[in-house]
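Data block below; observations after.
Please read all numbers here as calculations on a predicted model, not as lab measurements. Throughout, a chain's letter reflects where its sequence line sits, starting with A, and its residues are numbered from 1.
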Amino acid sequence: MTLNRRKFLGTTAAMAGTAMLPRAVLAADTIKVGSILDTSGIFDAYGKPMDMALRLAVNEINGAGGVLGRQLEVKAYDTQSDMALYSQYAQQLTRQDKVDVVHGGILSASREAIRQTMRKTNTLYFYNVQYEGGVCDRNIFCNGVTPAQQAEVLVPWAMKEAGGKKVYTLAADYNYGQITARWIQKFVQDAGGEVVETDFFPLDVADFGATIAKIQTAAPDLILAPLVGGAHLSFFRQWAASGMKDKIPLASTTLGVGNEHKVLTPEEGDGIMVAYSYSQDLDTPANNAFKERWSAAYGDPSALHELAVSTYYGVHTWAKGVEMAGSVEHDAVVKALETGIAVDGPAGTYTVDPKTHHSTVDVHLMKFKDQKMDVIETLQQRPPIDTQAVCDLETNPDDNTQYEIQI
Amino acid sequence: MDLSFVILVEMLYAVASLILIGAGLAVVFGMMKVINLAHGEFMMMGGYATITAVGLGVNVFVAMLIIAPLIVGLIGLVVERLVIRHLYGRLVDTMLATWGLSLFFIGLTTMIFGNTTTGISTPIPGFAVGGYQINGYNFFIIVVAVLLLIGILAVLKTTRAGLIARGAMQRADMAATLGYSPDRIYMATFFCGSALSGLAGAVLAPLVGLVPTSGGAYIAKAFITVIAGGPSLVAGLLSSAGVFGVVSQVFTFAISPVIGEVALLIAAVILLRLLPQGITGRFFKGKL
């Protein structure tokens, strides 16, 4: 058989056409959910459980008959912990795959890399991670807790537990730590206390000996430590090693997000106070059922963390919005979500805040105990007050900025 | 009074940890002129070796002082045989090769242990000095650093092996003429250097949260200490670690940890501007 160019092109086109045919039919039936997460590389400890949670939620929805009678289809891209890949895959998701919604992004940098692409192409975007707050954009829904949601409840409670008013802050030296330290200052003052000193640490500082001596000189009643990452974990080790742990109580807004309480020994961790919207150790029927579903799908649930759970909420929140709107059309879904949709799940209720597109969540006050988080108290429905202070999408729907919140 | 004692201990500790971090590199880079960019990863592997051994039920001190150096030394031996020995005398090429090795080790460790933070707790309790609590483990590190320096000095100065090693580093051809195989000597020296790195990583492991990329935190300090120290091994290590440890701690106490780190780097820049050959290029000449 001789093959000339025309014949070749004709055959391949026909072949490609047939190959695409069933997909095209299928595509008309399914709703496409885009996912863009780091499931390999240095952030995979965050990204992998998030990806699993997204698929779990999608499978649950599909198992219950889908959304509007249509099945969901996941289009997932692994960004390999490389910020450059975010913009590339965002283009692919929005322009080539033409997905109906995108869930994903982990670091704030990755969110900002794709947020404008989503907005330009009118693709609804869910960012499901704890972050520094302040994003004001009608096309995005931010599902994670912001510093004020945690600090607002954690600070007064920790001060009460510590029984004193002098607070020493140790924070990571980048935007999250800087912003959180300012919130801590505000809430300490609101509670009638005083921040005696705030020290910032670059992310690679692993030696806290001098700091521990300085803290003892200042003799505070409580230490608040929004420290981030493996190097900073050393502080909690060295603090316990110097025998200070039972003398001055500790509270943190970050310790435990990456399941750090399982790395610290009970002697090092016990008694540290934290506040999160989720912990594996929440003993509620909803959480136990969720962990069972997770185990059935993936086995051991010990890698679960707050970010995975808020991704799970993100998918369900969006699906509920689509059901309510009666279509996947962008503006209709946004309007439906802005009615203040609430979803119940393993961490309690997540409610969409229409003004900011952030979430009102339950916050649990917890203490580390035997490498678990022991829930002391649950505070219902804490609104994202930091973002609410700067962002109002009801009066200003065309806003498209990330505000730096002035305190 | 109590505070000044605490500050003194913290300074000694800072100096000691710089000595530990620098020792392995001082042997590999200072003596053998191999720019080992995987030095941080050798330390990281020492930490992981300790944690794994402790997890298997080995006494923590045995794990830190014997097992970790041995394992990392053996890894160093393999690396030397496979890669480094082809590159002696080619400074830039060793840099590229060891950088590749460092990426390889980070990837390998991630595959084996996962990309999560691990660690063990310090085996020595803290104790009180007046109104202050001090980390008892700091003293252990100081003691290890002192013994290490004495050990290196003793081996290089009093033993035949040390003499041969020093000779081969200076004139490999002469050593060969006298019947010693430079190849063997280089191999043994690289083993010792790697073992020292493993020891440092192991001893520092209980103080930090360990991740496969932990090595990056050590590498800059190690090179600064060794380069500023200059040509002689022990005197150089001691003097530059002394200067940098004291400078960084003074500024950390007086202002903040960030300024402490900045002060260390500025001190290094000024020192190298004034003494381009390192401290022992001008002072303590001819000492070991």
Side-chain angles (χ1 to χ4, degrees), chain A residues 38 40-48 81 170 173 197-217 219 227 229-248 255 258-260 262-269 302-303, chain B residues 2-3 5-7 9-11 13-14 17 106 110 114-138 141 204-214 216-218 220-221 248-262:
Chain A
D38 304 311
S40 61
I42 56 170
F43 303 127
D44 68 346
Y46 301 121
K48 270 186 194 157
S81 307
L170 308 170
D173 198 9
E197 178 85 62
T198 301
D199 278 344
F200 292 102
F201 302 89
L203 289 173
D204 59 350
V205 168
D207 184 5
F208 292 87
T211 309
I212 290 172
K214 266 178 87 179
I215 293 172
Q216 298 187 45
T217 315
L227 296 169
H232 284 182
L233 194 62
S234 320
F235 169 73
F236 300 95
R237 286 241 141 84
Q238 292 165 20
W239 181 249
S242 64
M244 285 305 296
K245 195 181 69 85
D246 300 319
K247 304 209 163 154
I248 302 175
L255 194 71
N259 284 326
E260 287 89 351
K262 297 188 177 177
V263 178
L264 293 177
T265 61
E267 297 80 52
E268 292 167 339
S302 68
Chain B
D2 297 342
L3 182 62
F5 180 73
V6 171
I7 295 179
V9 171
E10 288 298 339
M11 277 180 186
Y13 159 73
S17 65
I106 292 173
T110 311
N115 193 11
T116 45
T117 319
T118 49
I120 46 171
S121 44
T122 48
I124 300 172
F127 61 90
V129 176
Y132 290 88
Q133 284 281 341
I134 306 192
N135 188 346
Y137 196 73
N138 288 357
I141 290 192
L204 294 173
L207 290 173
V208 298
L210 206 60
V211 280
T213 48
S214 285
Y218 300 121
K221 277 186 187 164
S248 74
Q249 289 295 306
V250 164
F251 281 91
T252 304
F253 270 106
I255 308 173
S256 79
V258 182
I259 304 296
E261 298 268 301
V262 172

Pick whichever of A/Leu264, A/Ile212, A/Asp207, A/Thr211 has the most heavy-atom pairs under 4.5 Å with chain B.
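Most pairs with chain B among the choices: A/Asp207.
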Kindly compute the distance separating CD (A/Gln216) from CG (B/Leu3), expressed to the nearest 0.5 Å.
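Separation between the atoms: 9.5 Å.
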Engaged part of [X] at the chain A interface, taking heavy atoms whose separation is under 4.5 Å:
{"X": "B/Pro206", "answer": "backbone"}
{"X": "B/Ile255", "answer": "backbone"}
{"X": "B/Tyr132", "answer": "both"}
{"X": "B/Ile120", "answer": "backbone"}
{"X": "B/Ser121", "answer": "both"}
{"X": "B/Gln133", "answer": "both"}
{"X": "B/Ile134", "answer": "backbone"}

Kindly say whether [Y] contributes a backbone atom to a donor-acceptor pair with the side chain of [X] at under 3.5 angstrom?
{"X": "A/Arg237", "Y": "B/Leu207", "result": "no"}
{"X": "B/Ser214", "Y": "B/Leu210", "result": "no"}
{"X": "A/Asp199", "Y": "B/Ser256", "result": "no"}
{"X": "A/Ser81", "Y": "A/Ser40", "result": "yes"}

Toward chain B, the part of [X] with a non-hydrogen atom under 4.5 Å:
{"X": "A/Lys247", "answer": "side chain"}
{"X": "A/Gln238", "answer": "both"}
{"X": "A/Thr265", "answer": "side chain"}

I need the minimum non-hydrogen distance between B/Met11 and B/Val250, along with the two atoms involved.
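In this case the closest contact between B/Met11 and B/Val250 is CE-CG2, 3.3 Å.
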For residues A/Pro202 and B/Val258, report the shortest heavy-atom separation together with the two atoms involved.
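Heavy atoms only, the tightest pair is CD-CG2, 3.6 Å.
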Measure centre to centre between the rings of A/Phe201 and A/Phe208, then say whether the value is under 6.0 Å.
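Yes, the ring of A/Phe201 comes within the 6.0 Å limit of the ring of A/Phe208, centre to centre.
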